[in-house]
Structure formats: structure tokens, C-alpha cells
Protein chains: 2
Amino acid sequence: MTEKDECCSNIPDCCDMRGLLSFSILWLLTKRDMYGQELAEELGKMRGKRPNPGTLYPALKELEKRGLVETRKEGRKKFYVLAESGRTGVVEACEYFCTVYADIFREYGADE
Amino acid sequence: MTEKDECCSNIPDCCDMRGLLSFSILWLLTKRDMYGQELAEELGKMRGKRPNPGTLYPALKELEKRGLVETRKEGRKKFYVLAESGRTGVVEACEYFCTVYADIFREYGADE
DNA sequence: ATAAACATATTGGTTACCCAATATATAGAT
DNA sequence: ATCTATATATTGGGTAACCAATATGTTTAT
């Protein structure tokens, strides 16, 4: 039992739960500005597994292209910052998400 | 304001929230056996929009192929029933899902 | 200077999800 | 019988998310 095993995980193999990567990224960025590797780490903590660079960077590029995030360079690190449209969009997305899956959370969430 | 507008909707355009279709189907089937059109209607209520037949039926086929659901025909209706592996799998998936998105629910869910 | 470590990024290939449009099959009504 | 409504299903085309592997910069340490 290593340190890595303490967080979340238990990824189900019954149905692949792909999706919501961009949504998760935007949500993480409401907490603070992060650079790529930081996002990868936080996504790993959330979902039990770090996304591949070939998954993460194209997603970030797309979010930037859509104007939802902006970037700022500090040394070799490239920080991603929520743009105004990203800020409003993610709230809308979170509300939609919580409405859609409310019943599942009522049954399986909350406790522990 | 038609009847249809009363349910959920407000689908965000900031980030496409594709995904979790198979997961949602399995979860709906924990409630009761359903046939295709019934599932389409329930998914519509959840997500604000009915999935296309070209989306739904291949997903159902795949779930059957994987042995997660079984089918039973009644007239022209084909009922989908959770198989044993689907029953245990969906619980695991729900728990995983609730762990991953717990913080988002804490912030945006619960009330109303 | 150069090696090691860190960080970003791309390539090539797969799968799940998404649509509009169309096709097939069954049941019920006239 | 045949028309209508219901239900299942496929076709063809697109995007987001996923991976392993590899490549390219940039800082830091020696």
C-alpha cells in the first residue's frame, strides 16, 4: 500500500467513464491557476489515474482555442487561467451536471 | 413554455458533456427493466435531450455484448434487464463516480 | 559545458459518444 | 388486407477522450 493508493481510485471496469475531461479541468481552474503537470496531478487525484500527455495537452489547447482559458508563462511552466467565458461557463456546466446526476449522488454520495 | 421544458435541460455549451451514456443506462436499469424508447425518454428527462437512436442502440448492443445487460422480448418491445455483472458493476461505478465528483456536488448540488 | 530533471507537446491509433437520415419489423385499428 | 403508429436498428460522418511512445524545450545541478 503506497501513498498513491490512498486517494480515490477503484476505477470501474464495467463501463468506461470517459468524458468530462474538459469539464474537470475547468472546474479545477476555479480553485487556482495551474500548469499542465499540476493539472495532471490533480486529475490523477480526482480520477485515480493521471491523464496521458496525449490526452491532456490537446484538451488544454482546445480550451484555449475556444477562449475558455488563457495562459501565462513562468519559466518552463505554462499556467492556465480561467477566462471570463470559462468562469461563467463552468458554473453553468456544474449546475447542469449536478441536476443531471442528482439522484445518483443522493443514493451513493454524501456519506463517508 | 411547454411540458418538455420543465425538466432539467440548460445544457452547457462551454464544454461538451458527452460521456457516461452507458453508465447512465446501467443506473436507470437499477430502477426497473426498460425497453429502448423508455430508456430514451428517461435519458431525455435526465440530460435534457433524448439520445439519438444511432447513439442509444449501439450502446445497448455493446452493453449486451459485454454481458452487463440481458434482453427479454415482449411483443415489439425489447426489455433490457441488468445482468448479475451489470448489477455489481454499476454499484462500483456509482461509488467511483460519487467519489470523483464529490467536491463539485458539495459546491453546486444538494440545494433545491 | 553537459547531464539530469522537469515540463510541454506531438504522433498515430482506438473507442465511446453524438447526430441526421433512413430502414426494418411488429402491433393495432379500420 | 393495409394503413398508421410504435419500436428497433443501421448507415455514414464527426468529435472528445483515451493510450503508449517519442520529441522538444528549459531550468538546475555538477
Side-chain angles (χ1 to χ4, degrees), chain A residues 11-28 33-44 46-66 68-81 89 93 96-97 100, chain B residues 11-28 33-44 46-66 68-81 89 93 96-97 100:
Chain A
I11 300 172
D13 56 15
C14 99
C15 46
D16 109 348
M17 310 247 311
R18 114 177 24 195
L20 308 187
L21 176 64
S22 299
F23 171 59
S24 300
I25 291 169
L26 291 178
W27 182 74
L28 284 169
D33 301 349
M34 294 185 208
Y35 59 96
Q37 289 307 307
E38 230 178 337
L39 280 166
E41 195 190 321
E42 292 298 324
L43 288 165
M46 275 179 83
R47 315 199 293 179
K49 208 174 178 188
R50 285 169 83 100
N52 238 271
T55 302
L56 180 61
Y57 289 111
L60 289 170
K61 203 182 196 178
E62 181 63 25
L63 288 173
E64 191 176 7
K65 186 181 141 205
R66 288 194 207 148
L68 297 164
V69 303
E70 285 156 8
T71 58
R72 158 175 52 92
K73 257 214 151 177
E74 280 182 27
R76 68 187 146 190
K77 293 171 184 170
K78 187 169 168 185
F79 280 85
Y80 291 86
V81 185
Y96 170 78
F97 176 79
V100 171
Chain B
I11 301 171
D13 56 17
C14 97
C15 45
D16 110 349
M17 310 250 310
R18 117 176 21 195
L20 308 187
L21 176 65
S22 299
F23 171 58
S24 300
I25 290 170
L26 291 178
W27 182 75
L28 284 169
D33 301 349
M34 293 187 211
Y35 58 95
Q37 289 307 308
E38 229 176 338
L39 280 165
E41 195 191 320
E42 291 299 324
L43 288 165
M46 275 179 84
R47 316 199 293 179
K49 209 174 178 187
R50 285 169 84 99
N52 238 272
T55 303
L56 180 61
Y57 289 111
L60 289 170
K61 203 180 193 178
E62 183 62 26
L63 288 173
E64 192 176 5
K65 185 182 140 205
R66 287 195 209 147
L68 297 163
V69 303
E70 286 157 8
T71 58
R72 155 175 53 91
K73 257 213 151 181
E74 280 183 26
R76 66 188 146 190
K77 294 172 183 168
K78 188 168 167 185
F79 280 84
Y80 291 86
V81 184
Y96 171 77
F97 176 80
V100 170

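Computed from a predicted model, the values in this text were never measured in an experiment. Residue numbering restarts at 1 for every chain, and letters A, B, ... go by the order of the sequence lines.
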Chemist: Round to a whole Å and report the spacing from CG of A:Leu26 to P of D:dA16.
Modeler: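 That distance rounds to 13 Å.
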Chemist: Can you find a side chain N or O atom of A:Ser22 that sits less than 4.0 Å from OP1 or OP2 on D:dA16?
Modeler: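 It does not, given that no N or O in the side chain of A:Ser22 lies less than 4.0 Å from OP1 or OP2 of D:dA16.
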Chemist: Below 4.5 Å, heavy atoms only, C-beta onward: do A:Tyr35 and A:Glu74 meet side chain to side chain?
Modeler: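 Contact flag for A:Tyr35/A:Glu74 side chains = no.
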Chemist: For B:Leu43 and B:Leu56, run side-chain contact (heavy atoms from CB on, under 4.5 Å): C-alpha distance rounded to whole Å, both residues' side-chain angles, the deciding distance at 0.1 Å, then the answer.
Modeler: CA-CA 10 Å; B:Leu43 288 165; B:Leu56 180 61; 4.0 Å; yes
Chemist: Can you check whether A:Arg47 has a side-chain N or O nearer than 4.0 Å to OP1 or OP2 of D:dC18?
Modeler: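 Yes, because at least one side-chain N or O of A:Arg47 sits under 4.0 Å from OP1 or OP2 of D:dC18.
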Chemist: In this structure, how many angstroms lie between the C1' atom of D:dT8 and the NZ atom of B:Lys73, rounded?
Modeler: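 Those two atoms, NZ and C1', are 7 Å apart.
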Chemist: Quickly work out the A:Glu62 CD to C:dA9 P distance and round it to whole Å.
Modeler: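 Answer to the nearest Å: 15 Å.
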Chemist: I'd like to check the side chain to side chain contact (heavy atoms under 4.5 Å, CB included) partners of B:Glu64; sequence neighbours left out, ordered by chain and number.
Modeler: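 Side chain to side chain contact (heavy atoms under 4.5 Å, CB included) check on B:Glu64 returns B:Val69, B:Thr71, B:Lys78.
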Chemist: For B:Leu43 and C:dC17, give me the distance from atom CG to atom P, rounded to whole Å.
Modeler: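 To the nearest whole Å, that distance equals 11 Å.
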Chemist: Which distance, rounded to the nearest 0.5 Å, do you find between the CG of B:Leu26 and the OH of B:Tyr80?
Modeler: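 One finds 12.5 Å between CG of B:Leu26 and OH of B:Tyr80.
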Chemist: Determine: side-chain N/O of A:Lys61 to OP1/OP2 of C:dT10, distance under 4.0 Å, yes or no.
Modeler: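 So the side-chain polar atoms of A:Lys61 do come within 4.0 Å of the phosphate oxygens OP1 or OP2 of C:dT10, strictly under.
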Chemist: Whole angstrom is fine here: how far is it from CE in B:Met34 over to P in D:dA7?
Modeler: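 Atom CE in B:Met34 sits about 14 Å away from atom P in D:dA7.
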Chemist: For A:Leu20 and D:dC18, give me the distance from atom CG to atom P, rounded to whole Å.
Modeler: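 From A:Leu20 CG to D:dC18 P: 8 Å.
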Chemist: Give the rounded distance in Å between these two atoms: CE of B:Met46 and P of C:dC17.
Modeler: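 Value for this atom pair: 13 Å.
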Chemist: Remember a base hit wins even if backbone is also touched, and classify A:Tyr80 as base, sugar-phosphate or nothing at under 4.0 Å, heavy atoms.
Modeler: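 The residue A:Tyr80 makes sugar-phosphate contact but no base contact.
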Chemist: Is A:Thr55 near enough to D:dA16 that one of its side-chain N or O atoms lies under 4.0 angstrom from OP1 or OP2?
Modeler: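 No, outside the criterion.
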Chemist: Side-chain N or O of B:Arg50 versus OP1/OP2 of C:dA20: is the shortest distance under 4.0 Å?
Modeler: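 For C:dA20, OP1/OP2 do not have a side-chain N/O of B:Arg50 under 4.0 Å.
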Chemist: How many Å lie between CG on A:Leu56 and P on C:dT11, as a whole number?
Modeler: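 That distance rounds to 17 Å.
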Chemist: Taking the inter-plane angle between the rings of B:Phe23 and B:Phe97 on a 0 to 90° scale, is it parallel (under 30°), tilted (30 to 60°) or perpendicular (over 60°)?
Modeler: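 If you compare the ring of B:Phe23 with that of B:Phe97, the planes turn out tilted.
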Chemist: Start with the C-alpha gap between B:Met46 and B:Ser24, add the side-chain angles, then the distance that decides, and say whether side-chain contact (heavy atoms from CB on, under 4.5 Å) holds.
Modeler: CA-CA 9 Å; B:Met46 275 179 84; B:Ser24 300; 4.1 Å; yes
Chemist: Check nucleotides 5-7 of chain C against the protein and report each pair of N or O atoms closer than 3.5 Å, with its distance, or say if there are none.
Modeler:
| residue | atom | partner | partner atom | Å |
| --- | --- | --- | --- | --- |
| C:dC6 | O2 | A:Arg76 | NH1 | 3.4 |
| C:dA7 | OP1 | A:Tyr35 | OH | 3.4 |

Chemist: Mind running side-chain contact (heavy atoms from CB on, under 4.5 Å) on A:Arg47 and A:Leu21 for me, showing each step along the way?
Modeler: CA-CA 10 Å; A:Arg47 315 199 293 179; A:Leu21 176 64; 3.5 Å; yes
Chemist: Relative to the 5' end of DNA chain D, which residue comes earlier, A:Gly75 or A:Pro53, by the nucleotide with the nearest heavy atom?
Modeler: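 Upstream on the strand: A:Pro53.
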Chemist: B:Asn52 side chain: which of C:dC17, C:dA21, D:dA16 is closest?
Modeler: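 Between C:dC17, C:dA21, D:dA16, the one nearest the side chain of B:Asn52 would be C:dA21.
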